[in-house]
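Let me begin by presenting the structure, written as structure tokens, before commenting on it.
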Number of protein chains: 2
Amino acid sequence: MDTSKQNTASQILDTLTNDIIQGEFLPGEKLQIKTLKDRYKVGTSPIREALSQLIAKDLVVSENQKGFYVSNISIDDLTDIYQARSKIEGLCLDMAIKKGDDFWESKIIAASHLLAKYSKSENIDMSEWQNRHFSFHEALVSGCDSPRLFQIRQSLYEKSTRYRNLWLQENVTNYEALQANQNEHVALMVLVLERDSISAQKLIEEHIMTPVEMIKKNLP
Amino acid sequence: MDTSKQNTASQILDTLTNDIIQGEFLPGEKLQIKTLKDRYKVGTSPIREALSQLIAKDLVVSENQKGFYVSNISIDDLTDIYQARSKIEGLCLDMAIKKGDDFWESKIIAASHLLAKYSKSENIDMSEWQNRHFSFHEALVSGCDSPRLFQIRQSLYEKSTRYRNLWLQENVTNYEALQANQNEHVALMVLVLERDSISAQKLIEEHIMTPVEMIKKNLP
DNA sequence: TAATTAAATAATGTCGACATTATATAAAAT
DNA sequence: ATTTTATATAATGTCGACATTATTTAATTA
């Protein structure tokens, strides 16, 4: 698909997706057609087409003749998403370790350096830290050449991000937690470069599950 | 969502999904709005909303101002889907083995019996065999209580079905292949009931990958 | 006053119309 | 004859209108 010249529906989809993930629209909130039309200054069709795609992505639910609502959140769902995500990440990492080449290794080392340097720095801007964190994990699994697994990974990441954002809004970063986190990253890289798939898989699963308990406690 | 009183868009989605998976519309085929309106006797909106959902489900692609097309197929995509499917099925089975109770075990034994009996029978109706085959595999993973993993499993199954249908149309079933297949089912059940997760996972992955080579050769 | 019913208001889901863009056809040029 | 340009045709994507269904408000009853 050509993304340079999108149609209105696609633009609305991107914006709405973002607005939901960023918590602009809260879980369970009604998405009234008229409100959305006014907000985004477009007609009925693009709104409904975007909402249709969001239904397929599980970010929106609809009831016939009653309209559209942002998908609800729950502790069970949070746990399920993170658990599934950790397993999928494990699969991706396993495949990456089995198929990754020199170029893949170098990408990991580069990304790790960027993350390590920033984690040690004085004033940490969380947005920048998240970029580097994201890139590091992306690098780890980049050797996995399964488009479908990647797509699943991305979709679950998106869903988990919504939960994380609902939590982050009211929480500042904890320095010690960040350092513990960073130690795991280094350990992870070592295991991956040693091609120790079993241990790496185990660690990445634990790593991803780490924030779950904290998010649970802080869920609105 | 209430499925008893669906709206037009949802009905069209179901029908269209089926028509694509069953090969009523072929890979790469253009899905012209007017044609679909005439075929299903509805207006523009429900058609476009259904197509929007199919885009999110990867069964349809669209290009701005050029319209909608059934997603293309390829050997690479076929392989990727089956590979991802086998891994996901492995995850589901692993979790089922770890969490399954007596009731789950009995469901497996019951489904296995139905499949075994039918596989030995004289005149095998493939549609009925597929039902029982499906139910057996469903029973195996039914102990897995992760909605998300199940959803991913279902989504990949749907995609693989399209490939299988494109192949099945021109192929009759091979008796020996069916018996070999059936032997695997029995072995699988034994491993699962013994709670031998590692071996069961290995076998299910191979089991799912079995038809890939044959489908490859017969792809249109 | 609380519960029930009726009327009024508002929202949803579907439709056909229309402007814009792409494609097919015909005319002109090399 | 082939390429290029101009014209005609067709399809897409968006819009507001409207019938249908839900929700709110007011009126009626117990």
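Sequence lines set the chain letters: A, B, ... in the order given, protein chains first and strands last, and positions in each chain run from 1.
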Report summary line: B/Val42 has its side chain closest, among D/dG13, C/dC15, D/dT12, to C/dC15

Query raised in the report: Where the side chain of B/Asn7 is defined as all heavy atoms beyond and including C-beta, which of D/dT14, C/dT14, C/dT21 is the nearest nucleotide?
Result: C/dT14

Query raised in the report: With a cut-off of 6.0 Å (strictly less than), are more than 12 heavy atoms of other residues, nucleotides or ligands near NZ of B/Lys30?
Result: yes

Query raised in the report: Atom CZ of B/Arg85 and atom CD of B/Glu205: how far apart are they, to the nearest 0.5 Å?
Result: 12.0 Å

Requested in this report: Measure the acute angle between the ring planes of A/His137 and A/His133, then classify it against the limits of 30° and 60° as parallel, tilted or perpendicular.
Outcome: perpendicular

**Report entry** Rounded distance (Å) that lies between atom P of D/dT23 and atom CG of A/Asn64
**Finding:** 12 Å

Query raised in the report: With respect to the phosphate group of D/dG13, does any side-chain polar atom (N or O) of B/Gln65 fall under 4.0 Å of OP1 or OP2?
Result: no

**Report entry** 5' priority, DNA chain D, between A/Lys37 and A/Lys66 [closest heavy atom]
**Finding:** A/Lys37

**Report entry** Between P of D/dT12 and CD1 of B/Ile55, the distance in whole Å
**Finding:** 13 Å

Query raised in the report: Tell me: CD of B/Glu63 to P of D/dT12, nearest whole Å?
Result: 13 Å

Requested in this report: Could you check whether A/Thr8 gets within reach of a base, just the sugar-phosphate, or nothing at all, counting any heavy atom under 4.0 Å?
Outcome: sugar-phosphate

Query raised in the report: Of the candidate nucleotides D/dT12, C/dG13, C/dT14, which contains the atom at the shortest distance from the side chain of B/Ile33?
Result: D/dT12

Report task. Choose from C/dT12, D/dT14, C/dG13 the nucleotide whose nearest atom is closest to any side-chain atom of A/Gln32. Result -> C/dT12

Query raised in the report: When the distance from CD of A/Glu49 to P of D/dG13 is rounded to whole Å, what number comes out?
Result: 8 Å

Query raised in the report: Do B/Trp129 and B/Leu115 come close enough that some side-chain heavy atom pair is under 4.5 Å?
Result: yes

Requested in this report: Using whole Å, report how far NZ of B/Lys34 lies from C1' of C/dA17.
Outcome: 15 Å

Requested in this report: By nearest nucleotide on DNA chain D, pick out whichever of A/Ala9 and A/Tyr69 is the more 5' one.
Outcome: A/Ala9

Query raised in the report: When we call it a touch if two heavy atoms are under 4.0 Å apart, what does A/Lys30 touch: a base, just sugar-phosphate, or nothing?
Result: sugar-phosphate

Query raised in the report: When you look at A/Phe134 and A/Tyr157, which way does the ring-ring contact (aromatic ring centres under 6.0 Å, His included) test go after all the steps?
Result: CA-CA 10 Å; A/Phe134 179 86; A/Tyr157 179 77; 5.3 Å; yes

Requested in this report: Using a 4.0 Å heavy-atom cut-off across all strands, classify A/Thr44 as base, sugar-phosphate, or nothing.
Outcome: base

Query - Nucleotide D/dA11, atom P - distance to CG of B/Leu31 in whole Å - result: 14 Å

Query raised in the report: What is the distance from CG of A/Leu51 to P of C/dT12, rounded to the nearest Å?
Result: 10 Å

Query raised in the report: What is the distance, rounded to the nearest whole Å, between atom CG of B/Leu36 and atom C1' of D/dG13?
Result: 15 Å

